[in-house]
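Structure first, then comments.
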Number of protein chains: 2
Amino acid sequence: MSHPLRTHIESVSQLTDEEFDYILSHFTPVKLKKHSSLVREGDLVKHEYFVLKGCLRSYITDNAGKEFTYQFAVENWWISEREAFMKHIPASTAIECMEDCELLALSYDDRAKLGREFWKYEHYLAVKSNMGYVALQKRLQLLIMGSAKERFENFVHQYPHLYNRIPKTHIASYLGVSRETISRLYRK
Amino acid sequence: MSHPLRTHIESVSQLTDEEFDYILSHFTPVKLKKHSSLVREGDLVKHEYFVLKGCLRSYITDNAGKEFTYQFAVENWWISEREAFMKHIPASTAIECMEDCELLALSYDDRAKLGREFWKYEHYLAVKSNMGYVALQKRLQLLIMGSAKERFENFVHQYPHLYNRIPKTHIASYLGVSRETISRLYRK
DNA sequence: ATTTTTAAGTGACAAATGTCCTTTCACCCC
DNA sequence: GGGGTGAAAGGACATTTGTCACTTAAAAAT
């Protein structure tokens with residue numbers, strides 16, 4: 001069975017064994033316990049992460065201390081604080097493990113290096129970035145157009161495996177509604 | 001006084017007169033009357049547009065016939081139906097002129113050609129795309145975190161010139177609230 | 001200038017959603 | 001295996017926002 005990262009990259013472009021081994025050699029394994037922080041607000045973010053095992057979320061905290069989930073990540077997803085990572089500025093979003101996690105970390109410099117050395121890797125990044133943009137667009141659309149109910153149903157439909165894995169509180173804050181509203185919705 | 005398009009590109013990277021003239025030669029002027037459509041739902045989108053004069057909006061229509069504004073564009077903004085333009089698929093979003101407009105159209109092929117011929121133009125596109133992503137992120141954040149009031153105040157603060165230029169109905173649909181709610185808000 | 005159309009303001013009411021509080025249940029930790 | 005901890009369900013009530021109907025004002029058309 002092929003390495004999860006390889007499978008992910010090859011959904012965009014094929015690699016030889018040598019190429020993949022070389023790429024993989026730039027990643028560092030990271031293990032984290034449930035509830036630990038991967039990134040805290042204000043941190044400099046020197047890596048982006050590919051998730052091998054576990055479940056994380058990135059979130060913003062407003063002045064009143066309320067948390068808003070910006071993104072989830074499970075196996076075979078990438079996660080980081082994009083803006084902080086790209087621009088070398090302090091993170092405005094925190095990232096936390098919701099389960100014990102195993103990650104692969106790639107530094108900014110190594111990412112740039114791989115991009116330079118492999119057209120294919122650069123292309124993979126570009127495709128990934130574009131998919132991210134389109135996903136963001138869709139989510140925005142749903143936020144503007146849909147009621148709490150529609151947003152929730154869409155979420156369950158789109159991520160059935162997350163619905164039973166992630167605390168409802170966080171799903172609520174991802175959808176921009178209160179936890180109680182979520183409760184009310186699937187009573188019916 | 002320099003050409004608006006040149007000014008815009010040069011906010012990212014400098015051009016010689018010859019380079020700019022060559023780039024500009026790939027653009028076609030387009031004039032449109034108020035209320036006319038630049039893109040209709042279902043159209044193939046072969047161009048992207050730089051706005052020289054006027055004011056446009058892109059919007060989605062839901063099953064009930066309700067319109068949701070996805071984006072505004074005024075002088076010195078770019079506008080298109082990104083997904084349709086990039087992937088050569090039918091547009092799911094329409095674009096309409098809210099005033100008489102003068103645009104510069106650039107075809108998909110010419111865009112690619114300019115990107116190939118000028119590293120600087122390619123770079124300009126990349127920076128623009130990244131800024132678009134960050135802007136989308138900010139807007140999403142505000143939609144999740146902010147009340148109607150906060151969203152509206154943020155809009156007025158961020159785009160004071162649009163607030164007096166664009167019908168409130170469309171500002172409301174951009175913010176994801178009803179027109180009446182907007183009315184109520186700035187009574188106070 | 002007069003008519004017609006379109007945008008905007010307003011109030012009353014309904015529906016959706018948020019907030020607060022209590023109770024229950026499941027899981028984790030000595 | 002009991003005590004503690006955190007997540008979730010549920011009810012009561014407050015607040016926000018949407019909807020509808022009507023009026024006024026402004027802009028466009030003739």
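Scope of the values below: all heavy atoms of this structure, side chains included, with no hydrogens, waters or symmetry mates. Each chain gets a letter, A, B and so on, in the order the sequences are listed, and its residues count up from 1.
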Describe, in one word, how the ring planes of A:H3 and A:F20 are oriented to each other, choosing from parallel (under 30°), tilted (30 to 60°) and perpendicular (over 60°). tilted
Cation-pi check, A:R57 onto A:Y59 ring (under 6.0 Å, within 45° of axis): yes
Taking NZ in B:K113 as the centre, count heavy atoms belonging to other residues, nucleotides or ligands within less than 6.0 Å. Is the count above 12? yes
Test item: side-chain donor near acceptor, B:N154 and B:R139, under 3.5 Å: no
I need a per-nucleotide contact map over nucleotides 19-30 of chain C, read 5' to 3'. Cutoff is protein heavy atoms under 4.0 Å; write B for the base, S for backbone only, - otherwise. BB----------
Count I, L, V, M, F, W, Y as connected when their side-chain heavy atoms are under 4.5 Å apart, and connections chain through other members. Are A:V127 and B:F85 then in the same cluster? no
Between A:V177 and B:H35, which residue's closest nucleotide on DNA chain C lies nearer the 5′ terminus? B:H35
Pairing donors with acceptors under 3.5 angstrom, does anything connect the side chains of B:E117 and B:Y22? yes
Do other residues, nucleotides or ligands put more than 12 heavy atoms under 6.0 Å from A:H157 NE2? no
Taking the side chain as every heavy atom from C-beta outward, state whether B:L15 and B:F118 have any atom pair closer than 4.5 Å. no
Is it the case that one hydrophobic cluster holds both A:V51 and A:L38, taking links as side-chain heavy atoms less than 4.5 Å apart, direct or via other members? yes
List in numerical order all residues of residues 139-148 of chain A for which some heavy atom is under 4.0 Å away from an atom belonging to DNA chain C. A:S147, A:A148
Covered region of DNA chain D, 5' end to 3' end, by chain B [heavy atoms, under 4.0 Å]: D:dT17 to D:dA28
Between A:T7 and A:S2, do the side chains contain an N or O donor and an N or O acceptor separated by less than 3.5 Å? yes
Rounded to whole angstroms, how far apart are CD on A:E67 and C1' on C:dG18? 18 Å
